[in-house]
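One structure is given below, encoded as structure tokens.
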Amino acid sequence: MNPVIFIGTAVCLGFLFALQEWVFSRRMGSHWGAIIFFEVWGLHFFLWGTICWLLWRLFRDSVQKASVAMMLLFFLPLSVVVSVVEEMLFVLSFPGIPINYSHLTYWHRLTLFLDEELVYNMVIFWCAFFLFRGMGYYERYRENERTAAQLEIQLANAQISALRMQLNPHFLFNTMNSISSLMRVDVDAADAMLEQLSSLLRITLERGDAQLITLRDEIDFIETYMAMQERRYAGRVEQVLKIDPGLYDALVPSMILQPIVENAYIHGLSKITKGGLRVDVERDGERSQISVINSGIGLGKDKMPSSDGFAVGLSNIQNRLKLHYGDKASFSITELDFTRVQVMVRLPIELSRYP
């Protein structure tokens with residue numbers, strides 16, 4: 001509502017009316033010059049542009065909150081007064097108008113104009129009134145939308161942070177339990193696992209509250225985790241990690257791979273004497289496709305999530321994918337045969353701005 005722009009727009013609108021009336025008068029045989037039309041209509045809309053801007057400036061809150069009683073008791077009398085004042089200023093500025101009545105006194109000419117244009121002026125006032133009132137409704141609607149959107153974002157971030165906090169102690173508990181079991185049979189291996197765990201915790205702390213990280217960082221984390229499992233299982237598991245180099249700068253949710261690999265070991269590889277684990281990350285059109293295939297005993301009773309680590313790990317991933325990407329991401333777990341299970345995650349490719 002810059003006054004120069006608002007009043008300038010009103011004057012330009014007045015010039016359009018002036019041009020229209022001048023063209024019409026020429027067709028009717030009148031020889032009046034165009035200047036008088038532009039002066040009359042220009043001043044008329046300049047006055048009303050100024051009045052309407054002052055109405056917005058001085059009574060903005062009152063216009064937005066006005067009840068029916070306030071409209072009748074305050075704004076209706078105000079519209080009459082403003083309409084009369086506008087005509088007084090207009091008639092004072094053009095003493096030779098109306099041309100056929102230029103000999104009349106100021107008050108007689110004012111009476112003529114009021115008889116013809118008082119209702120018209122009041123219509124302009126009330127059009128401006130309800131326009132400003134509608135603008136206020138729209139502003140409040142947009143503000144409510146922005147507030148709701150901010151609350152949704154804050155809620156989603158809080159939920160994602162809570163899910164990440166859920167993963168950290170779960171991961172730490174399982175890793176410490178593995179080290180504790182290894183201490184009884186191979187102290188050196190357990191000591192090495194403690195060092196690797198220290199590296200994993202350092203990486204986690206360095207990430208801070210970051211919800212999305214590059215695939216490169218996620219792979220660094222999962223390679224260290226897989227090295228720990230390799231030491232624990234002492235060559236019983238053949239590990240394969242294959243990554244599309246073009247996806248290293250793609251953003252993925254933090255700790256998206258670790259719960260899948262952890263479940264592969266706990267619910268599959270730990271139950272057999274020898275097996276394999278394969279992790280593939282490749283491009284599938286506009287999406288990244290993460291595939292984890294592990295040997296084991298199939299899904300069996302784990303086909304549906306339970307209250308144990310299966311639910312904490314994989315259900316956590318599903319919830320985070322939904323919060324981050326909505327319907328644009330997918331998660332599935334499939335029994336390829338009675339000895340192999342595949343977890344598949346597909347998510348939109350979003351490259352990091354800071355490679």
Side-chain angles (χ1 to χ4, degrees), residues 149 152-164 166-168 171 203-204 207-226 239-265 267-268 276-296 298-299 302-305 310-337 340-355:
E152 286 182 3
I153 292 172
Q154 292 173 1
L155 177 60
N157 288 336
Q159 290 173 327
I160 292 171
S161 296
L163 289 170
R164 278 199 60 202
Q166 182 186 43
L167 276 181
N168 289 336
F171 153 71
I203 294 173
T204 303
R207 289 178 182 176
D209 295 330
Q211 306 296 349
L212 296 174
I213 62 173
T214 63
L215 180 63
R216 187 188 310 276
D217 292 338
E218 182 69 9
I219 294 303
D220 288 343
F221 185 91
I222 203 63
E223 283 179 335
T224 304
Y225 180 78
M226 290 174 67
Q239 298 179 342
V240 177
L241 184 62
K242 185 179 178 181
I243 311 297
D244 184 341
L247 295 176
Y248 275 119
D249 291 326
L251 294 175
V252 297
S254 178
M255 288 188 74
I256 190 72
L257 275 171
Q258 186 274 330
I260 300 175
V261 174
E262 183 178 45
N263 272 276
Y265 274 98
H267 297 279
L277 174 71
R278 182 180 182 90
V279 179
D280 292 281
V281 183
E282 57 189 6
R283 179 186 289 268
D284 181 18
E286 297 300 318
R287 298 198 295 179
S288 299
Q289 178 175 282
I290 300 172
S291 170
V292 179
I293 300 175
N294 67 273
S295 305
L299 290 175
D302 287 335
K303 193 166 293 187
M304 295 298 292
F310 188 95
V312 173
L314 301 189
S315 295
N316 184 291
I317 292 175
Q318 293 180 72
N319 290 334
R320 288 196 293 148
L321 287 173
K322 185 174 182 180
L323 287 169
H324 277 300
Y325 305 107
D327 296 332
K328 296 180 180 179
S330 64
F331 176 94
S332 64
I333 178 168
T334 308
E335 188 176 69
L336 300 179
D337 52 50
R340 293 187 305 151
V341 173
Q342 180 185 43
V343 174
M344 183 80 73
V345 177
R346 293 185 176 90
L347 60 157
I349 295 177
E350 179 183 351
L351 296 179
S352 172
R353 298 180 181 179
Y354 309 101

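Numbers for residues simply follow the sequence, beginning at 1. Given the structure is predicted, the values throughout are model-derived calculations rather than measurements.
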key: Worked verdict on V292 versus V345 for side chain to side chain contact (heavy atoms under 4.5 Å, CB included)   = CA-CA 9 Å; V292 179; V345 177; over 6 Å; no
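- Put simply, the side chain of I290 does not reach to within 4.5 Å of the side chain of V343, judged on heavy atoms.
- The distance from the CD atom of Q318 to the OG atom of S332 is 9.5 Å, given to the nearest 0.5 Å.
- In this structure the side chain of F221 never reaches within 4.5 angstrom of the side chain of D217, judged on heavy atoms.
- For the residue pair I256 and E218, the shortest heavy atom distance occurs at N-OE2, 3.0 Å.
- Atom-to-atom distance recorded for I349:CD1 and L251:CG is 11.0 Å, nearest 0.5 angstrom.
- Annotation: side-chain contact (heavy atoms from CB on, under 4.5 Å) contacts of R346 (sequence neighbours excluded): D284, R287, Q289, S330, M344.
- Under the rule for a side chain to side chain donor-acceptor pair (under 3.5 Å), E350 has no partner lying at least two apart in sequence or in another chain.
- Proximity of E282 to K242: side-chain heavy atoms (C-beta onward) are nowhere separated by under 4.5 Å.
- Heavy-atom minimum distance, D280 versus R278: OD2-NE, 2.7 Å.
- Closest non-hydrogen pair, G268 versus N294, comes out as CA-ND2, 3.9 Å.
- Going from atom CG of L314 over to atom NE2 of H267 covers 7.5 Å, rounded to the nearest 0.5 Å.
- Using modelled atom types, no side-chain atom of S254 and backbone atom of I213 make a donor-acceptor pair closer than 3.5 Å.
- Residues I222 and V279 form no side-chain contact, since every pair of their non-hydrogen atoms from C-beta on lies 4.5 Å or further apart.
- In this structure, L347 CG and K328 NZ are separated by 12.0 Å, a value rounded to the nearest 0.5 Å.
- A heavy-atom distance below 4.5 Å is found between the side chains of L277 and M226.
- Annotation for L247 and S288: closest pair CD2-OG, 3.8 Å, computed over non-hydrogen atoms.
- Remark: F331 CZ to R320 CZ distance equals 11.0 Å, nearest 0.5 Å.
- The distance from atom CD1 of I317 to atom CD1 of I260, rounded to the nearest 0.5 Å, is 4.0 Å.
- For G246 against R283, the heavy-atom pair with the smallest separation is O-NH2, 4.4 Å.
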